[in-house]
Asker: 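Sharing a structure, written as structure tokens. Questions coming.
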Number of protein chains: 2
Amino acid sequence: MSDFDKHRSAGYLANHMARVFAHALAERIRPLGLAPGQFMTLIELWREDGLTQRDLVARLDVEQATMANTLKRMERDGLIARRAHDSDSRARTIHLTEHARALQGPAEAAANAVNAQAMRGMSGAERSDFIRLMTHAIDSLKP
Amino acid sequence: MSDFDKHRSAGYLANHMARVFAHALAERIRPLGLAPGQFMTLIELWREDGLTQRDLVARLDVEQATMANTLKRMERDGLIARRAHDSDSRARTIHLTEHARALQGPAEAAANAVNAQAMRGMSGAERSDFIRLMTHAIDSLKP
DNA sequence: AGCATATACATAGCTCGCTATTCAAAAGGA
DNA sequence: TCCTTTTGAATAGCGAGCTATGTATATGCT
């Protein structure tokens, strides 16, 4: 009846692939007490501490409400602390705890391992095509 | 401090890409009263009606609990009806309503349009590489 | 036949996306 | 200065993914 084949649909594959990536990452960082959504936030804070929620929203391209909830969980889990902003009393700056700082090495190793596993068997050219084509799709779909 | 670049991380891009795909699809099928998670289930039921929840779980590679909740929402929204299974009283067969059947054309058109937009500007070879490399990553990560 | 195991589904409770709304503070214009 | 608009963040509520558990029915073994 239909010519729609999900195994040839970029959108279906993108969803499926994101789920298996998230699952693989979750397995590896769970022992560290981390969840995948927290990981991306940590990456930005490892790069630069003391960002505001607004900064993180811009860097990670998620909605503000999503980030607010992620930060709430991270605060609950002892990964971040928030301090009053110097010059804007609406904002708070976000700071890694010692514990979160200590996780950088193992967490990045976990992410690198997952990426390596996903691309195992791809040539170097295929790997850069893969990255390039995903970036292309993102740019083409983003409003 | 770190050599981790999210714009070169397959996992980060996979997550980001899945989000923009889902957002683009959601926008286009919302007028039909559909959400993205329901769409994939409908694809299977358009192909073959009267499947069980178990069949759908196997075909779509999601967890049983995820499918149970999706089906509950689809029943609530008048997309499916469930009937007692012929020979197994634990199971129920899942049947599309007339309304859901009528959505096949426009919904598949929406999905095709999103895929086309994502791959706009890719050559034919790049498109098939894209599909192939995503499939490769899924297979490499799946347990 | 009877009991143990396996299976189909439902439910609870979590993460992490989203939209929409609200609130307080900052910035800007008259 | 005062008022409007903009902006930073929180919250409510939903979808869709997950794990873990519960419950009823089938199935299989002895």
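Computed from a prediction, not measured in an experiment: that's the story for all the values here.
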Asker: If we check side-chain contact (heavy atoms from CB on, under 4.5 Å) with Q53(A), which of these qualifies: L71(A), T70(A), T93(A)?
Answerer: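 Going through the options one by one, the only one that passes is L71(A).
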Asker: Let's see if you get this right: which residues in residues 24-31 of chain B place a heavy atom under 4.0 Å from DNA chain D?
Answerer: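 None, since no heavy atom is under 4.0 Å.
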Asker: How many Å lie between CD on Q53(B) and P on dC9(C), as a whole number?
Answerer: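 Those two atoms, CD and P, are 5 Å apart.
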Asker: Are D61(A) and R19(B) within salt-bridge range, i.e. N to O under 4.0 Å?
Answerer: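 Salt bridge flag = no for R19(B) with D61(A).
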Asker: Would L141(A) and M17(B) count as a side chain to side chain contact (heavy atoms under 4.5 Å, CB included) here? Give the steps.
Answerer: CA-CA 9 Å; L141(A) 286 171; M17(B) 183 170 65; 5.6 Å; no
Asker: If you look at every heavy atom in M119(B) and A10(A), which pair is closest and at what distance?
Answerer: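 Reported closest heavy-atom pair: SD-CB, 4.2 Å.
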Asker: How long is the line joining CZ of F21(A) and C1' of dC16(C), in whole Å?
Answerer: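 It is 18 Å, rounded to the nearest whole Å.
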Asker: One character per nucleotide, please: for nucleotides 13-18 of chain D, 5' to 3', B when the base has a protein heavy atom closer than 4.0 Å, S when only the sugar-phosphate does, - otherwise.
Answerer: --SBBB
Asker: Minimum heavy-atom separation for T52(A) and A91(A), please, with both atom names.
Answerer: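 Heavy atoms of T52(A) and A91(A) come nearest at CG2-CB, 4.5 Å.
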Asker: Send over the distance from L51(A) CG to dG8(D) P, rounded to a whole Å.
Answerer: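 One finds 14 Å between P of dG8(D) and CG of L51(A), rounded.
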Asker: Step by step, work out the side chain to side chain contact (heavy atoms under 4.5 Å, CB included) result for L79(A) and L103(A).
Answerer: CA-CA 10 Å; L79(A) 295 166; L103(A) 295 175; 4.0 Å; yes
Asker: Could you tell me how far apart M40(A) (CE) and dT15(C) (C1') are, to the nearest whole angstrom?
Answerer: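 Interatomic distance, CE of M40(A) to C1' of dT15(C): 15 Å.
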Asker: Heavy atoms, side chains only, cut-off 4.5 Å: are I138(B) and F21(A) in contact?
Answerer: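 The answer is no; the side chains never approach within 4.5 Å.
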Asker: Using only heavy-atom distances, determine whether the side chains of R82(B) and H95(B) contain a donor-acceptor pair under 3.5 Å.
Answerer: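 Note: R82(B) and H95(B) side chains miss the donor-acceptor criterion.
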Asker: Flag the pair R101(A) and E98(A) as a salt bridge only when some basic side-chain nitrogen lies within less than 4.0 angstrom of an acidic carboxylate oxygen.
Answerer: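 Yes, this pair counts.
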Asker: Please give me every residue in residues 79-101 of chain B whose heavy atoms get under 4.0 Å of an atom in DNA chain D, ordered by residue number.
Answerer: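 Close to the strand are D88(B), S89(B), R90(B).
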Asker: For R54(A), I'd like to know if atom CZ has over 12 heavy atoms of other residues, nucleotides or ligands within 6.0 Å.
Answerer: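 Counting neighbours around CZ of R54(A), 12 or fewer heavy atoms of other residues, nucleotides or ligands fall under 6.0 Å, so no.
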Asker: Taking the side chain as everything from C-beta on, heavy atoms only, tell me whether D55(A) gets closer than 4.5 Å to I94(A).
Answerer: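 Of all side-chain heavy-atom pairs linking I94(A) with D55(A), none is under 4.5 Å.
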Asker: Measuring to OP1 and OP2 of dC9(C), would you say a side-chain N or O of K72(B) lies under 4.0 angstrom away?
Answerer: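 For dC9(C), OP1/OP2 do not have a side-chain N/O of K72(B) under 4.0 Å.
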